[in-house]
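Just so it is clear, the values below take in all heavy atoms, side chains as well, and ignore hydrogens, waters and symmetry mates. We number each residue from 1, following the sequence as shown.
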Amino acid sequence: MRDEVLGSSRRVAERELEGVRKRLDDATAEAFHAGSLHGSRYFHVLAERSREGFRQLCNASSSQIAKIEGAGSLRYATALDEMLNGFRREVLEMFPLPGAGRQSSAFDTFAREVFANLEQQLAQEQAGAIEDLRLGVAGGESVTKHPSVNVDNRGGSAQIAVGGSGNLQTVHGNLQAASGIDTRSLLDILELVRAEAREAPLEMEHKDAIEDAVVALEHEAKAQEPNKGRVKRLLTRIVDIGREQGVPMARSVLEEYLKSLVTGA
């Protein structure tokens, strides 16, 4: 499970890294059209956008772990720190330093000074995010904080018919958690969702979002007392992605299971 949690956090960080790259590309295009490419302001803008983007990357990857692990997130601090080292290097590599072996101009010297400051700033952003996580804070919020969801807490196991490719598959409930969640059925459904998502004609960002939700749900299902509201929220997220993208994504199965969470049927 640890590898899956870190994998989910990494996918979030990769999406944020693409955002950093886009910010820097936009800054370069803006400077080019303004005739200020490689001027002092250009390098300052690049550094500021790099720092802001990396800060968001650190917070988002840390928050993703907190969403899945809650209070258990603290033990991921060292692993997250190691993972962020690679992303920090990638952000720094986007900065347009002058090539080796060429005669330096005043702007080149200035660019190197800005870059040296940026190296320190990114290291500080990373250290701050890791220290926060060790103290139980991710993205500015306590790792034990979860949004409240109004759910009928009556429990009950479910037996759900799964239709697919002309076949009828049945998911049998046989493990009732204290919260009333039929965890065996939930894990079976998640296995089905993961297989369908893998084959579905979805953009990678949507596949990743579904996989992140599945990983979080699997972790929740294996908890001693699964959070019913959190399960409902994550399942609804998967259903919404499928609906928005026009892909079934086991929607009838998920909706039946969601109904069972509310009604206890």
Side-chain angles (χ1 to χ4, degrees), residues 2-3 5-32 34 36-69 73-102 104-143 204-205 208-209 212:
R2 180 181 174 85
D3 289 344
V5 173
L6 290 172
S8 181
S9 177
R10 176 175 291 279
R11 286 191 294 274
V12 169
E14 286 170 348
R15 292 196 289 271
E16 292 294 332
L17 184 65
E18 286 305 308
V20 177
R21 185 171 284 109
K22 185 179 185 306
R23 285 192 184 100
L24 300 189
D25 287 346
D26 289 346
T28 299
E30 291 164 8
F32 176 79
S36 59
L37 195 61
H38 301 306
S40 58
R41 174 170 170 73
Y42 169 66
F43 291 116
H44 272 309
V45 169
L46 287 184
E48 182 57 33
R49 294 190 184 184
S50 296
R51 180 178 182 178
E52 178 60 29
F54 186 66
R55 178 191 299 126
Q56 292 182 18
L57 185 155
C58 291
N59 288 337
S61 56
S62 177
S63 294
Q64 181 64 16
I65 292 174
K67 287 177 184 176
I68 299 173
E69 286 283 9
S73 303
L74 283 66
R75 65 177 183 269
Y76 285 83
T78 298
L80 178 62
D81 195 24
E82 293 173 356
M83 185 183 81
L84 291 177
N85 283 336
F87 284 102
R88 176 159 53 89
R89 284 193 294 270
E90 289 194 61
V91 172
L92 289 171
E93 286 170 2
M94 296 178 192
F95 196 89
L97 280 174
R102 53 167 283 184
S104 295
S105 67
F107 281 131
D108 290 343
T109 301
F110 180 78
R112 289 193 179 93
E113 291 175 354
V114 173
F115 180 78
N117 288 332
L118 178 61
E119 283 185 302
Q120 295 179 1
Q121 292 168 351
L122 297 193
Q124 290 169 359
E125 294 290 350
Q126 180 177 333
I130 297 304
E131 183 61 24
D132 282 352
L133 188 60
R134 289 195 170 104
L135 294 173
V137 177
E141 293 187 354
S142 168
V143 298
M204 189 54 66
E205 63 179 298
D208 286 347
D212 290 343

Item to complete: Could you check L46, V20, D25 and say which one makes a side-chain contact (heavy atoms from CB on, under 4.5 Å) with M94?
Response: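 Single side-chain contact (heavy atoms from CB on, under 4.5 Å) partner of M94 among L46, V20, D25: V20.
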Of all heavy-atom pairs between [X] and [Y], which one has the smallest distance, and what is that distance?
X	Y	result
A13	L57	O-CD1, 3.5 Å
Y42	S36	CB-O, 3.6 Å
A47	L118	O-CD1, 3.5 Å
L74	G136	CD1-CA, 3.8 Å
L133	A77	CD2-CA, 3.8 Å

Can you measure from [atom1] ([X]) to [atom2] ([Y]) and round to the nearest 0.5 angstrom?
X	Y	atom1	atom2	result
S62	Y76	OG	OH	12.5 Å
I65	M83	CD1	CE	6.0 Å
L80	R75	CG	CZ	13.5 Å
D132	S73	CG	OG	12.5 Å
L6	R2	CG	CZ	5.5 Å
L122	L92	CG	CG	5.0 Å

Donor-acceptor pair, side chain of [X] and main chain of [Y], under 3.5 angstrom:
X	Y	value
R23	R49	no
Q126	D81	yes
S9	S61	yes

Worksheet item: How about R134 and T78: do any of their side-chain heavy atoms sit closer than 4.5 Å?
Response: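 Yes. Closest side-chain heavy atoms under 4.5 Å.
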Worksheet item: With a 4.5 Å limit on heavy-atom distance, are the side chains of V114 and F110 in contact?
Response: yes
Discussion item. Suppose we screen for ring-ring contact (aromatic ring centres under 6.0 Å, His included). Which residues come up paired with F95, at least two apart in sequence or across chains?
Written reply: F43, F115
Worksheet item: Can you tell which of R88, E82, R89 makes a side chain to side chain donor-acceptor pair (under 3.5 Å) with N85?
Response: R88
Practice prompt. Name all pairs fulfilling the salt bridge (Lys or Arg N to Asp or Glu O under 4.0 Å) condition that reach into residues 50-59, sequence neighbours left out, sorted by first residue then second.
Written response: R51-E125, E52-R55, R55-E125
Discussion item. Can you pull out every salt bridge (Lys or Arg N to Asp or Glu O under 4.0 Å) where at least one residue sits in residues 5-20? Sequence neighbours excluded, please.
Written reply: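 Listed once each, the pairs are R11-D212, R15-D208, R15-D212, E18-R21.
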